[in-house]
> 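Next up is a structure, given as structure tokens.
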Amino acid sequence: MQYFMSILISQNLFGAFFYLSGVFVISSNSLMTIELVINFTLTTLLFGFLVFIVTSIRFYVLLKKGHYRKGSSKDKLRSQYERGIKSYLPIIIVGSVGVIYILQLFD
């Protein structure tokens, strides 16, 4: 359940912002109509929902088979990833703040 919640939170924090930014940039083109933007948005949301469902099913099957038990290869890989991301966290924070300031500069 913890992994499921982390997937949902990370998708909402990072996925939604970039998705909405992309839709905004695409829709700012003067040649696009409202109907075309709505169709594009609904199509991409449907595709994203299908990817989420397939990924959730795959994760559930792997979880039931025991691939995420303590000491398994996926557990070792996950622990290496978690250790690695903590060392890059200050760089990620500084970089993201820099990107936000650059975006605000061009606004």
Side-chain angles (χ1 to χ4, degrees):
M1 188 56 96
Q2 178 185 3
Y3 290 116
F4 178 70
M5 292 303 294
S6 67
I7 289 169
L8 284 179
I9 290 171
S10 66
Q11 290 298 318
N12 285 328
L13 286 177
F14 304 112
F17 172 73
F18 291 114
Y19 173 75
L20 291 175
S21 298
V23 169
F24 178 73
V25 168
I26 289 171
S27 66
S28 66
N29 186 353
S30 62
L31 300 176
M32 295 189 71
T33 62
I34 297 296
E35 293 83 15
L36 187 60
V37 173
I38 291 172
N39 285 337
F40 173 77
T41 304
L42 290 177
T43 303
T44 55
L45 283 175
L46 179 65
F47 181 72
F49 181 71
L50 290 174
V51 168
F52 176 75
I53 294 298
V54 169
T55 303
S56 298
I57 292 171
R58 178 182 170 270
F59 178 72
Y60 180 76
V61 168
L62 288 174
L63 191 63
K64 284 295 183 184
K65 288 183 179 179
H67 287 275
Y68 290 96
R69 288 196 178 128
K70 190 168 186 158
S72 67
S73 62
K74 291 202 184 280
D75 178 53
K76 292 176 185 174
L77 181 67
R78 179 188 53 82
S79 64
Q80 287 176 351
Y81 175 71
E82 287 176 352
R83 223 173 310 133
I85 197 72
K86 289 179 185 174
S87 65
Y88 292 117
L89 192 59
I91 297 170
I92 292 171
I93 292 172
V94 170
S96 61
V97 169
V99 168
I100 289 171
Y101 282 131
I102 290 171
L103 290 175
Q104 287 179 351
L105 177 69
F106 290 116
D107 190 24

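Values in this document were obtained by computation on a predicted structure and should not be read as measured data. Residue numbers start at 1 and run along the sequence shown.
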> Show which side-chain atoms of residues 41-56 pair as donor or acceptor with protein atoms under 3.5 Å away, not counting sequence neighbours.
from, atom 1, to, atom 2, distance (Å)
Thr41, OG1, Val37, O, 2.8
Thr43, OG1, Asn39, O, 2.7
Thr44, OG1, Tyr19, OH, 2.7
Thr44, OG1, Phe40, O, 3.0
Thr44, OG1, Thr41, O, 3.0
Thr55, OG1, Val51, O, 2.8
Ser56, OG, Phe52, O, 2.8

> With Lys65, which residues qualify under side-chain contact (heavy atoms from CB on, under 4.5 Å), at least two apart?
Val61, His67
> First locate atom OG of Ser27, then atom CD1 of Ile34, and finally report the distance between them rounded to the nearest 0.5 Å.
7.5 Å
